[in-house]
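Written below as structure tokens is the structure these notes are about.
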Protein chains: 2
Amino acid sequence: MERKTYHHGDLKTALVEAGIDILEAEGLKGLSLRSLAARVGVSHTAPKNHFGAMRGLLTALAAEGFRRHAAHMQAGLPPDASDAEKLQAAMHGYVAFVEAHPHLYGLMFSPDLVDQDSPDLIEAGHASYLILEDLARHLDWSRKDEPEAQVRGEIMLWSLVHGYATLRQSGKLPLSPRTGAVLGIAEIAPRFGRRTGD
Amino acid sequence: MERKTYHHGDLKTALVEAGIDILEAEGLKGLSLRSLAARVGVSHTAPKNHFGAMRGLLTALAAEGFRRHAAHMQAGLPPDASDAEKLQAAMHGYVAFVEAHPHLYGLMFSPDLVDQDSPDLIEAGHASYLILEDLARHLDWSRKDEPEAQVRGEIMLWSLVHGYATLRQSGKLPLSPRTGAVLGIAEIAPRFGRRTGD
DNA sequence: AGAGAAATCTTTACACCGGAAACATTCCGG
DNA sequence: CCGGAATGTTTCCGGTGTAAAGATTTCTCT
């Protein structure tokens, strides 16, 4: 990458894009400030002006990861379908995204590498979570003696998808298609809650 | 750490113990071959004889993590209790361990840092999983049209605990005690499956 | 338009890191 | 008891993140 001007023009977004590219191609260990800067055609200290330090860069990458994650789930929702079917599709999209971008998803949940207080990250993460939450809202988790079971149910749903996806990612679950299929868990999930009106 | 003999005597286990200590005190970024070797009182290349490289050391740490994880769950099981109560206790112990040793648990599920083919790691990981599996075996997940629902149920249970624990660890779940309490999810979990004979 | 301030990028230097290679010391089995 | 194997050290190398100081461009204000 050569450039003619002293200033890059849009270095910040270029670094984020190249950073995600490296992350997906080589994983975290392949992502260094120097290799990243070289790819963009800039000195290895240039990123400091935009991200402060490595931690800031990784935080920006994680936030972008949440945005892409949300977009991927959103894009996979069938427009005319029941809530249960939409939830199923969202969970399927969730797991598929993790499987397609394991390093990026891992970074998104690495508090040691990412600044959890970043407003950008918090907003992107919350927006992503809202997709699942909205779909789970239509399930009835309540019991008379547990007024907060609804919220707890949403957390459970998230825990289930996140846990399954990360276990797959870490190679702990052999992907025997009949037992571990993504669809399997997405099919069975809505049975956790009794649908309203059932 | 000073020593009088040229040979350490039991360097391998000393490195594992010190490695876990550093991991828990400072996290992964604080764990370097040099800092570790210095703490044990040995040159920074000495670990190579026992672990080959950094990857081998981290693999040994992860395997030890699985052993401690299993021991922690096992120790927390009430001796005279129903299967449902034991499962509850095991899940509680699972989450508690992750919360007490976040960096160690994170390493245990980091395929980029750990050799997933290590026999030692595989055995330790499997032994740990068996605790949950045995307890979940007494739940009846089966439906007539899904002969493999039992296995799928065990995977779901593991996904749920693992997902909840790691979401907590990553700070994504605010620990509002009434909604996110560890006990809450442990209480609600057995309802996923219909107990045999209910 | 022009001058000073701010933003952006480079160069240089430093401490730390993991790993390879050659060497020193100790242990252990024939 | 001796020679090979195991264990540990020294030295060196390329690579890393970051701090500091200087160069270049753009922005802002008058």
Side-chain angles (χ1 to χ4, degrees), chain A residues 1-23 25-62 103 107 110-115 118, chain B residues 1-23 25-62 103 107 110-115 118:
Chain A
M1 254 310 198
E2 298 292 331
R3 73 180 196 278
K4 300 179 167 63
T5 59
Y6 186 85
H7 283 26
H8 179 282
D10 198 8
L11 182 57
K12 188 165 184 173
T13 67
L15 286 173
V16 170
E17 285 186 21
I20 289 188
D21 285 350
I22 296 180
L23 200 56
E26 312 175 39
L28 245 185
K29 52 177 175 281
L31 179 62
S32 70
L33 282 180
R34 297 174 119 99
S35 68
L36 174 60
R39 169 186 284 236
V40 179
V42 108
S43 83
H44 79 280
T45 54
K48 187 176 191 181
N49 299 312
H50 301 277
F51 300 104
M54 191 66 181
R55 187 178 190 76
L57 170 69
L58 294 179
T59 302
L61 293 181
H103 297 110
L107 177 64
S110 296
D112 287 351
L113 303 176
V114 157
D115 177 16
S118 154
Chain B
M1 255 312 198
E2 297 293 329
R3 72 179 196 277
K4 300 180 168 63
T5 59
Y6 185 86
H7 283 28
H8 180 283
D10 197 7
L11 182 56
K12 189 165 186 175
T13 67
L15 285 173
V16 170
E17 285 186 20
I20 290 188
D21 285 350
I22 295 181
L23 200 56
E26 312 175 37
L28 245 184
K29 52 177 174 280
L31 179 63
S32 69
L33 282 180
R34 298 175 117 97
S35 67
L36 174 59
R39 170 186 282 237
V40 180
V42 109
S43 81
H44 83 279
T45 54
K48 189 176 191 180
N49 297 315
H50 300 276
F51 300 104
M54 191 66 180
R55 187 178 190 76
L57 171 68
L58 294 179
T59 302
L61 293 181
H103 297 111
L107 177 64
S110 296
D112 287 350
L113 303 177
V114 157
D115 177 17
S118 155

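Please read these numbers as outputs of a predicted model, since none were measured by experiment. Chain letters run A, B, ... following the sequence lines, proteins first, then strands; residues in each count from 1.
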*Provide, to the nearest angstrom, the distance between the CG atom belonging to A/Asn49 and the P atom belonging to D/dA21.*
16 Å
_Nucleotide D/dT25, atom P - distance to CG of A/Leu11 in whole Å_ = 16 Å
*May I have the distance from A/Arg34 (atom CZ) to D/dA19 (atom P), rounded to whole angstrom?*
14 Å
_Base of C/dT11 paired with side chain of A/Thr45 (donor-acceptor, under 3.5 Å)_ = yes
_Selected nucleotide, minimal atom distance to A/Met54 side chain, candidates C/dC17, C/dG19, D/dG17_ = D/dG17
*asked:* Nearest heavy atom decides the nucleotide; on that basis, is A/Arg55 or B/Gly9 closer to the 5' end of DNA chain D?
replied: B/Gly9
*asked:* Looking at C/dG19, I'd like to know if its phosphate oxygens (OP1 or OP2) sit under 4.0 Å from a side-chain N or O belonging to B/His44.
replied: no
*Identify which nucleotide among D/dC12, D/dG8, C/dC9 has an atom closest to any side-chain atom of B/His50, counting heavy atoms from C-beta outward.*
D/dG8
*Do you know which of A/Leu61, A/Leu36, A/Ile20 makes side chain to side chain contact (heavy atoms under 4.5 Å, CB included) with A/Leu15?*
A/Leu36
_For a 4.5 angstrom cut-off between non-hydrogen side-chain atoms, does B/His103 reach B/Leu31?_
no
_Under 4.0 Å from OP1 or OP2 of D/dT18: is there any side-chain N or O of A/Lys48 that close?_
no
*Starting at CZ of A/Phe51 and ending at C1' of C/dA7, how long is that distance when rounded to a whole Å?*
15 Å
*asked:* Do B/Ser118 and B/Thr59 make a side-chain contact, defined as non-hydrogen atoms from C-beta onward lying under 4.5 Å apart?
replied: yes
*Give the rounded distance in Å between these two atoms: CG of B/Leu15 and P of D/dG8.*
8 Å
*Can you find a heavy atom in the side chain of A/Pro47 that is under 4.5 Å from one in the side chain of A/Leu33?*
yes
*What is the nucleic acid contact for A/Ala46, judged by heavy atoms within less than 4.0 Å: base, sugar-phosphate only, or nothing?*
base
*asked:* Can you measure B/Leu33 atom CG to D/dG15 atom C1' for me and round it to whole angstrom units?
replied: 15 Å
*Using heavy atoms to find the nearest nucleotide of DNA chain D for A/Ser35 and A/Gly52 separately, return the residue whose nucleotide is more 5′.*
A/Ser35
_Please confirm whether the shortest side-chain N or O distance from A/Ser43 to OP1 or OP2 of C/dT11 is below 4.0 Å._
no
*Please tell me if the side chains of B/Asn49 and B/Leu11 come closer than 4.5 Å, counting only heavy atoms from C-beta onward.*
no
_I need the CG-C1' distance between A/Leu58 and D/dT18, as an integer number of Å._
14 Å
*Nearest whole angstrom, please: distance from the C1' of C/dG18 to the CG of B/Leu28.*
15 Å
